[in-house]
Number of protein chains: 2
Amino acid sequence: MRISDLAKATGCHLETVRYYERIGLLPPPVRSKAGYRDYRDSDVERLRFVVRSRALGFSLEEIRSLLTLASRTELSCKQVDGVARMHLAQVEAKQRELAALATELRGMIETCHHDTRATCAILQSLAG
Amino acid sequence: MRISDLAKATGCHLETVRYYERIGLLPPPVRSKAGYRDYRDSDVERLRFVVRSRALGFSLEEIRSLLTLASRTELSCKQVDGVARMHLAQVEAKQRELAALATELRGMIETCHHDTRATCAILQSLAG
DNA sequence: ACTAAAGTCTGTAGCTACTACGGAGTCAAC
DNA sequence: GTTGACTCCGTAGTAGCTACAGACTTTAGT
């Protein structure tokens, strides 16, 4: 399977596949005589895992950890759970941050009387 | 006023001040004989505007626009309003995205029976 | 067999918004 | 005069890609 097939099978951008290999997130695949990358089904699985984890907002470092953890199937999944909970906590923190932002932005926008910029409530609010 | 004073007065990191100057967000200030930057009160105001806008999540390009708009005090603030509303819409979009993420993460975490990694619902969910 | 198009290779540079460094010069206090 | 704090500039690093350029290979069509 060539790199474009892998990309299609996973929904991952082709250049991103090479990037993931470069940073060691994907193992270097076998090469054809001409030097073309040749992927297996297991590579599709691994990259799917990465793509799905990225879609859930995990960082590449978190994904690296998850992949390492996943490889030892016989051990407890406590640490996996830990990574997921930690990430959820970060997402929730970001949610609170954005909620505060949105409230403030809405306040600013509502206060504006749509007059000239000299008296614009938005600009005044941004000025502090 | 020297750069560290400006930084203190605005809560902006010192190196960030130089960065903002380099990218043209702040005007190059007068220099002392020895080449040290010498800031005025108007620079404090402008940088405060930038810092506050950044805290509200505006991008540097949006801030650049806002600063340009703000300088023509006699004109309507319609465009200012537009920038703010656009930004709010982006924040709200991000909120929806994070809400979906959080829901999915919570589902994953709750489904996990805390057994071995081979049967871990989190890992299975990430695998697709 | 020949050609043209499509695919692949590597390495490098760009993006956002900073932050950190090295090595040199400057200023203020003791 | 010397120590320490400050400032200067230019460059490189961060995350997570994405986009080239220029060379090579494969594939499809004639």
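Source: prediction; values computed, not measured. Note on naming: letters A, B, ... go to the chains in the order of the sequence lines (proteins, then strands), and numbering restarts at 1 for each one.
Residues B/E61 and B/R64 are paired through a salt bridge, judged by an N-O separation under 4.0 Å between the basic side chain and the carboxylate. Classification of B/R106 and A/E92 as a salt-bridged pair holds, one side-chain N sitting under 4.0 Å from a carboxylate O.
If you check every strand for non-hydrogen atoms under 4.0 Å, B/S32 touches nothing. Nucleic acid contact class of A/Y20 (heavy atoms, under 4.0 Å, all strands): sugar-phosphate only.
Here C/dC27 presents its C1' atom at 14 Å from CG of B/D5, a figure rounded to the nearest Å. Separating the NZ atom of A/K33 from the C1' atom of C/dG7 is a distance of 18 Å, rounded to the nearest angstrom. Separating the CD1 atom of B/I3 from the C1' atom of D/dC9 is a distance of 12 Å, rounded to the nearest angstrom.
The side chain of B/R22 sits closest to D/dT11 out of D/dT11, D/dC17, C/dT8. Of the listed nucleotides (D/dA19, D/dC8, C/dC18), D/dC8 has the atom at the smallest distance from the side chain of B/R37.
Side-chain atoms of B/E15 and base atoms of C/dC21 include a donor and an acceptor less than 3.5 Å apart. With hydrogens and angles ignored, a donor-acceptor pair under 3.5 angstrom links the side chain of B/Y36 to the base of C/dG25.
Contact between A/D38 and A/M1 at its shortest, heavy atoms only, is OD1-N, 2.9 Å.
Each of B/S4 and A/T16 has a nearest nucleotide on DNA chain D; the 5'-most of these lies closest to B/S4.
A sub-4.0 Å separation between OP1 or OP2 of D/dT7 and a side-chain N or O of B/R18 is absent.
Remark: side-chain polar atoms of A/R117 are paired, donor with acceptor, to backbone N or O of B/S76 under 3.5 angstrom.
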